[in-house]
2 protein chains.
Amino acid sequence: MGIAERKNRQKQALRERILDAARRIVMREGFAALSMRKIADAIEYSPATLYLHFASRDEIARALCEEGYAQLLETFVPLARIADPAERLKALGRAYVAFGVEHPQTYRLIFMEDPSYTGAALGGAVGASRKEKGNGHAAAAAGAGSSEAGDEMGNAAAQADDDPGTAALHIMIDALDELRAAGRLSASVASMDPAVWAEALWAGLHGIVALNLTCPVFPSAPLDIVVGVTLDAWLGAPQAAQRQGATGASSAATARAGKSAAGQSTAPGDPTPEPTRRRKNAGP
Amino acid sequence: MGIAERKNRQKQALRERILDAARRIVMREGFAALSMRKIADAIEYSPATLYLHFASRDEIARALCEEGYAQLLETFVPLARIADPAERLKALGRAYVAFGVEHPQTYRLIFMEDPSYTGAALGGAVGASRKEKGNGHAAAAAGAGSSEAGDEMGNAAAQADDDPGTAALHIMIDALDELRAAGRLSASVASMDPAVWAEALWAGLHGIVALNLTCPVFPSAPLDIVVGVTLDAWLGAPQAAQRQGATGASSAATARAGKSAAGQSTAPGDPTPEPTRRRKNAGP
DNA sequence: GTCTATACCCAGATAGAC
DNA sequence: GTCTATCTGGGTATAGAC
């Protein structure tokens, strides 16, 4: 019967309208300003109607988070095809920072707001490249040998069945594994546990984005420079360790970062810019 | 006349009680849960009374921030006396992370909440080691040569007249300058702009703390290990770059980090622990 | 200085008419 | 399915009595 299906379509359509409105509010005024009333107002429905589609404001927030992770994943996917693992990883790092800078409220929501939001889309992906899932917490420091086990399901693009957040992180982890397998890590970090290495790099990038969103005096140098320096520090400035006189940048890779991280189009298809700095009280 | 002074003392005392109560609420339930009503309730005064001491909730928040920065500075001061600049910088880094982990809500408030809070206590300190104050934003990348200018007022401990936040950051920057002057930076980072280097290191540490507070799956390895790896990456694992077989840690320095960052006493005199993870709705 | 009382705002969520 | 109306509870801030 087509009738039930049409009703279903309509229901889905309204659900999308709700999420659209919610996303717009979050992008404009930040997550704290998101309220059921405002959403209802924006879509010209009564507040009560929202509860026919979402059980609570929290559920809407969670849906927005998933969208955010998917959005981040989308900017990663094309970069996953870069052949050279080091270049790929650098491109991913720059894209990660660019995403945070271009979608500050989205980034805040999925990575800086609430542990339950951040955790929802991350099924314990980090630190367990191909280890068992379990809470690898206890003895993770002694797991350097387990990373070259089987290769089935290991390819980045094939992980789309995971949730987006996990998939995005796997793209990074896979690149790291390749890099390690190729023995291309700079001498000073080659001996470390890859999982720790990955988390430390992630922290570095997250720190750059987070400080940029919250700390007015950061960075004093252009953002791309700081990003380039961080990537070089972890991935190793290609070979020549002794070049001196270069003040801020280290290589062509960093120079390119200037373009890619500052420009607005890291990946195709994001129609919605968010205001760069959040004002104290965004509302009128 | 002693009468006016006594009244003044009483007024100051109540002000302190207000801040005490506010601090306790923030530590227990997070900044978002701080309200005038709750403070008034805690000190058994009427809400209206609070407005005789603070113009708004925001003013209370700002006062709490200053306290937070001062608290952070206190944990830095004793470490500023470590002679070796590399060791000093590592100790500072570990203390920084330890502070964030031990006082999550305080750290959130001063570094992750609102740009105006974070900016209030930071008079443009970063990136301008001894340069003029002005917004060194534009050409900061070309300033590698200006760091050994004059030494008057350059000593870390002498900067107590600055606001606490700035002073704390200057302690780190000074250590970096010394390290650079001594030519002790690892080869791969020796050629960089010190200001950029400092900001990137700061971002790395901030990222570790921030992810630890917000991302449930971070880190999978013990925190101290990740901190140690980050410090080694930026400060250089002392000399031996080729040691292999060490899985997570790299040196005695990292091993020590395990103790200092995990233990509860980085600095003397903080009486108030905060719950480690923030629950979604902390209130009953 | 301190209180009570209150004005005025906002929120999330639900009951029950249509 | 959608609405109106409402419950319940929170918040900032102020007026005016004491």
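Throughout, protein chains are lettered first and strands after them, A, B, ... in sequence-line order, and every chain is numbered starting at 1.
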Measure [atom1]/[X] against [atom2]/[N] and give the value in whole Å, please.
X	N	atom1	atom2	answer
His53(A)	dT14(C)	NE2	P	16 Å
Phe54(A)	dG12(C)	CZ	P	14 Å
Asp58(A)	dA11(C)	CG	P	16 Å
Arg17(A)	dG1(D)	CZ	C1'	14 Å
Met36(A)	dT8(D)	CE	C1'	16 Å
Asp41(A)	dT4(D)	CG	P	12 Å
Leu50(B)	dT2(C)	CG	C1'	11 Å
Arg37(A)	dG10(D)	CZ	P	16 Å

What's touching nucleotides 16-18 of chain C from the protein side, N or O pairs under 3.5 Å?
none

>> When you compare the side chain of Thr106(A) with that of Val26(A), does any pair of heavy atoms fall below 4.5 Å?
In response: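 A side-chain contact under 4.5 Å is absent here.
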
I'd like to know if the side chain of Glu113(A) pairs up with that of Thr118(A) as donor and acceptor (distance under 3.5 Å, no hydrogens or angles considered).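 Side-chain D/A pair, Glu113(A) to Thr118(A): absent.
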
**Asked** Any side-chain donor-acceptor pair under 3.5 Å between Tyr45(B) and His53(B)?
**Response** no

By the 4.0 Å heavy-atom rule, please label Arg57(B) as base, sugar-phosphate, or nothing.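 Contact class for Arg57(B): sugar-phosphate only.
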
**Prompt:** Hey, does Ser35(B) reach any base, or is it just sugar-phosphate, or nothing, if we go heavy atoms under 4.0 Å?
**Reply:** sugar-phosphate

Starting the side chain at C-beta, find the nucleotide from [options] nearest to [X].
X	options	value
Ser56(B)	dA11(C), dA13(D), dT2(C)	dA13(D)
Tyr45(B)	dC3(C), dT6(D), dT12(D)	dC3(C)
Tyr51(B)	dT12(D), dT14(C), dG1(D)	dT12(D)

key: Donor-acceptor pair, side chain of Thr75(B) and main chain of Leu72(B), under 3.5 angstrom   = yes

For Glu44(B) and Lys38(A), take the nucleotide of DNA chain C holding the closest heavy atom to each; which residue's nucleotide lies nearer the 5' end?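 Whichever sits nearer the 5' end wins; that is Glu44(B).
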
Asp41(A) and Arg37(A) ion-paired at < 4.0 Å:
no

Worksheet item: If you measure from the Lys or Arg side-chain nitrogens to the Asp or Glu carboxylate oxygens, is any gap between Asp20(A) and Arg23(A) under 4.0 Å?
Response: yes

ask   = How about Gln10(B): does its CD atom have over 12 heavy atoms from other parts shown lying under 6.0 Å from it?
value =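 Yes, CD of Gln10(B) has more than 12 neighbouring heavy atoms, counting only those of other groups under 6.0 Å.
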
Output for pair (Leu109(B) CG, Asp114(B) CG), nearest 0.5 Å, gives 9.5 Å

Do Phe76(A) and Tyr69(A) have ring centroids that are under 6.0 Å from one another?
no

Here the residues of residues 7-16 of chain B within 4.0 Å heavy-atom distance, strictly under, of DNA chain D are none

